[in-house]
Undergrad: 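Would you mind keeping the following structure in view while I ask a few things?
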Amino acid sequence: MEQAQALHKWFVERGCAAADVDVLQPADPFLETAGEDLRRRIFITSNGVGDMLCLRPEFTIPTCLHHIKHSIQTPCRYSYVGTVFRQHRNGKNEFLQVGIEDLGNHDASKADVQSLSDAHAALAKLGVDNHHTVLGDRTLFASLVSAIGLPKGWQVRLLRCFGEADQMQAALDKLKQNGVIASANEMPEWVVAGDLDLAEAEVSKLMSIANLPEQGGRTAREIAARAIEKAELDATRLEGDALAALEKFLEIDVPVKDAVAALTAFETDTHIDLGQARADFAKRYKLLAQADFDLSTISYRASFGRRLDYYTGLFFEIYQDNDAQNSIVGGGRYDHLLSMLGAEVDIPAIGFSIDFDRIKAKIGKGAKS
């Protein structure tokens, strides 16, 4: 803990405000924005008046809530230190973290490179070497699934699978198998027709006949819309050039110095324009190449993502000693999270955390003062 506190102090001395957030947090912000992986791992309790609370499972959301509550102006950079709590079947449920959240810098590429630089500088200060950084970019994948013409529902589904190899493969397998619409005897006419007004009327009629209330707070129109969307998803088949392009993109795994060329070659080979997303990636790489980085230790993997739903753009993780299973640093961009939590406008943001429990055995006396 002493070294973690020292690193936090160093971040503050470099211009970060100290984020002092409570261990006990309101649960709803995590349940609504963080995604399924974190939702099933948090420790939930309640207070005397029935408010749902949880032990702090991470620092990003509490730091953003602190920023909104106190109406602090941006840009603003925060540093934090403390324990987070997540359920695991095996191993510890408590982890010591130190990190930085950078809020309100509208030059996203510059902020991305600054975050990577801060993470690498922190590891150097701790005496941690022999590490490798993996980059991913959700915006590039979002541009691809939009460009190949998938229905909105499938775009959302694939983006939810991004970074999860098994889930992505299952989704692609389903896209390969789809395409046969159930017959009229198997599917109601109002579903096949795709007429939302007609579908709403039919669902209302069925609910009235069965004397059913609205299910889980969902209206007849919402239920009808979901039925039509599911029929559309089941009827969508991806094959030929579009399927090949999607699979080809997900196979890109190159040193970062070769990433822009790989993306350009992908666009040429598939005749798919990744648009602004590729331009932004190239701008970020240019800044990265100009900064004090050993580029041989950084790679870009097109399929790489992180298990938090609020991420929007760049992701990165840093691994040590060829351990590809346990990252010692993880971070990413989350440009819509603050507005989801109550801010009046979107505030661009990126952050990272260092997992001290995974590296503390390595730092010890090797940490630099």
Side-chain angles (χ1 to χ4, degrees), residues 4 7 34-38 41 57-61 80 84 86 88 91-92 95-102 108 111-126 128-141 159 161-168 250-257 259 281 284-285 288 291 293-335 337 349-363:
L7 184 61
E36 180 61 31
D37 181 67
L38 189 62
R41 296 167 62 192
E58 51 104 78
F59 273 95
T60 300
I61 288 175
Y80 58 78
V84 297
R86 302 178 192 169
H88 282 270
K92 297 177 60 177
F95 311 89
L96 179 61
Q97 290 188 344
V98 181
I100 291 178
E101 307 296 341
D102 187 341
D112 290 349
V113 173
Q114 181 65 58
S115 189
L116 282 162
S117 178
D118 287 335
H120 280 240
L123 292 179
K125 184 172 180 61
L126 294 169
V128 177
D129 53 15
N130 192 26
H131 52 73
H132 183 82
T133 303
V134 178
L135 306 181
D137 193 323
R138 190 177 188 272
T139 310
L140 282 167
F141 185 68
L159 283 168
C161 297
F162 185 59
E164 299 289 341
D166 292 343
Q167 293 180 28
M168 181 64 74
L250 292 171
E251 291 172 356
I252 297 174
D253 187 353
V254 294
V256 72
K257 65 181 179 61
F281 187 95
R284 184 194 302 126
Y285 171 72
L288 194 66
F293 283 101
D294 179 358
L295 295 182
S296 68
T297 68
I298 305 175
S299 62
Y300 165 67
R301 185 181 305 153
S303 63
F304 173 68
R306 304 197 71 225
R307 296 179 178 180
L308 287 170
D309 283 0
Y310 55 66
Y311 282 133
T312 57
L314 173 77
F315 314 91
F316 66 90
E317 288 187 351
I318 302 178
Y319 303 86
Q320 188 180 15
D321 297 334
N322 297 316
D323 181 356
Q325 301 301 315
N326 298 297
S327 63
I328 56 175
V329 181
R333 174 161 291 281
Y334 49 95
D335 288 339
L337 178 60
I350 186 170
F352 70 89
S353 63
I354 300 172
D355 189 328
F356 255 72
D357 288 314
R358 286 182 176 171
I359 66 171
K360 65 182 180 183
K362 300 286 185 180
I363 56 182

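Residue indices begin at 1 and follow the sequence shown. Note that the structure is predicted; figures quoted are calculated from it, not measured.
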Undergrad: Under 3.5 Å, side chain of Ser115 to main-chain N/O of Ile350, donor-acceptor pair present?
TA: no
Undergrad: So, for Val254 and Ala259, which heavy atoms are closest and what is the spacing to 0.1 Å?
TA: CG2-CA, 3.7 Å
Undergrad: Can you run down the salt bridge (charged side-chain N to carboxylate O under 4.0 Å, His left out) pairs that involve residues 322-332, sequence neighbours left out, and say none if there aren't any?
TA: none
Undergrad: Considering non-hydrogen atoms only, spot the tightest contact between Ala108 and Arg333 and give its length.
TA: O-NH2, 3.3 Å
Undergrad: Does any N or O in the side chain of Asp253 come within less than 3.5 Å of the main-chain N or O of Arg301, such that one atom is a donor and the other an acceptor?
TA: no
Undergrad: Among Leu116, Val134, Leu135, exactly one meets side chain to side chain contact (heavy atoms under 4.5 Å, CB included) together with Ile298. Which residue is that?
TA: Leu135
Undergrad: When rounded to the nearest 0.5 angstrom, what is the spacing between CG in Asp355 and CD in Gln320?
TA: 11.5 Å
Undergrad: Is it true that atom CG of Asn130 has more than 12 heavy atoms of other residues, nucleotides or ligands lying nearer than 6.0 Å?
TA: yes
Undergrad: Any side-chain heavy atom of Tyr310 within less than 4.5 Å of one from Thr60?
TA: yes
Undergrad: Walk me through it: do Arg284 and Asp137 pass the test side chain to side chain contact (heavy atoms under 4.5 Å, CB included)?
TA: CA-CA 11 Å; Arg284 184 194 302 126; Asp137 193 323; 3.3 Å; yes
Undergrad: Is the backbone of Ala349 close enough, under 3.5 Å, to the side chain of Asp335 for a donor and an acceptor to pair up by distance?
TA: yes
Undergrad: Decide yes or no on ring-ring contact (aromatic ring centres under 6.0 Å, His included) for Tyr285 and Tyr300, but give the supporting numbers first.
TA: CA-CA 11 Å; Tyr285 171 72; Tyr300 165 67; over 10 Å; no
Undergrad: Step by step, work out the side chain to side chain contact (heavy atoms under 4.5 Å, CB included) result for Thr139 and Phe281.
TA: CA-CA 9 Å; Thr139 310; Phe281 187 95; over 6 Å; no
Undergrad: Between Arg86 and Pro57 (side chain of the first, backbone of the second, donor and acceptor by atom type, cut-off under 3.5 Å), is there such a pair?
TA: yes
Undergrad: Would you please test Arg307 and Leu38 for side chain to side chain contact (heavy atoms under 4.5 Å, CB included) and show each step?
TA: CA-CA 8 Å; Arg307 296 179 178 180; Leu38 189 62; over 6 Å; no
Undergrad: Main chain of Thr297, side chain of His132: is a donor-acceptor contact present, judged purely on distance under 3.5 Å?
TA: yes
Undergrad: Step by step, work out the side chain to side chain contact (heavy atoms under 4.5 Å, CB included) result for Asp166 and Glu164.
TA: CA-CA 6 Å; Asp166 292 343; Glu164 299 289 341; over 6 Å; no
Undergrad: Quiz question: by atom type and distance under 3.5 Å, do the side chains of His120 and Thr133 form a donor-acceptor pair?
TA: yes
Undergrad: When you compare the side chain of Ile318 with that of Phe352, does any pair of heavy atoms fall below 4.5 Å?
TA: no
Undergrad: Find the distance between CZ (Phe356) and CD (Gln97) and round it off to the nearest 0.5 Å.
TA: 11.0 Å
Undergrad: Should the pair Phe315 and Phe304 be assigned to parallel (<30°), tilted (30 to 60°) or perpendicular (>60°) ring geometry?
TA: perpendicular
Undergrad: Nearest 0.5 angstrom please: Ile100 CD1 to Ile354 CD1, how far?
TA: 8.0 Å
Undergrad: State, to 0.1 Å, how close Ser353 and Tyr80 come at their nearest heavy-atom pair, and which atoms those are.
TA: CB-OH, 3.1 Å
Undergrad: Under a 4.5 Å cut-off applied to non-hydrogen side-chain atoms, are Val329 and Phe316 in contact?
TA: yes
Undergrad: What's the spacing between Phe59 CZ and Glu101 CD if we round to 0.5 Å?
TA: 10.0 Å
Undergrad: To the closest 0.5 Å, what do you measure between NE2 (His131) and CG (Leu123)?
TA: 5.0 Å
Undergrad: Measuring from Ile359:CD1 to Asn326:CG, what's the distance to the nearest 0.5 Å?
TA: 12.5 Å
Undergrad: Restricting to non-hydrogen atoms, name the atom on Arg138 and the atom on Phe162 that form the minimum distance, rounded to 0.1 Å.
TA: CA-CE2, 3.7 Å
Undergrad: Flag the pair Phe293 / Val113 as yes when at least one side-chain heavy-atom distance between them is below 4.5 Å, and no otherwise.
TA: yes
Undergrad: May I ask you to test the Lys257-Ser296 pair for a side-chain heavy-atom distance under 4.5 Å?
TA: no
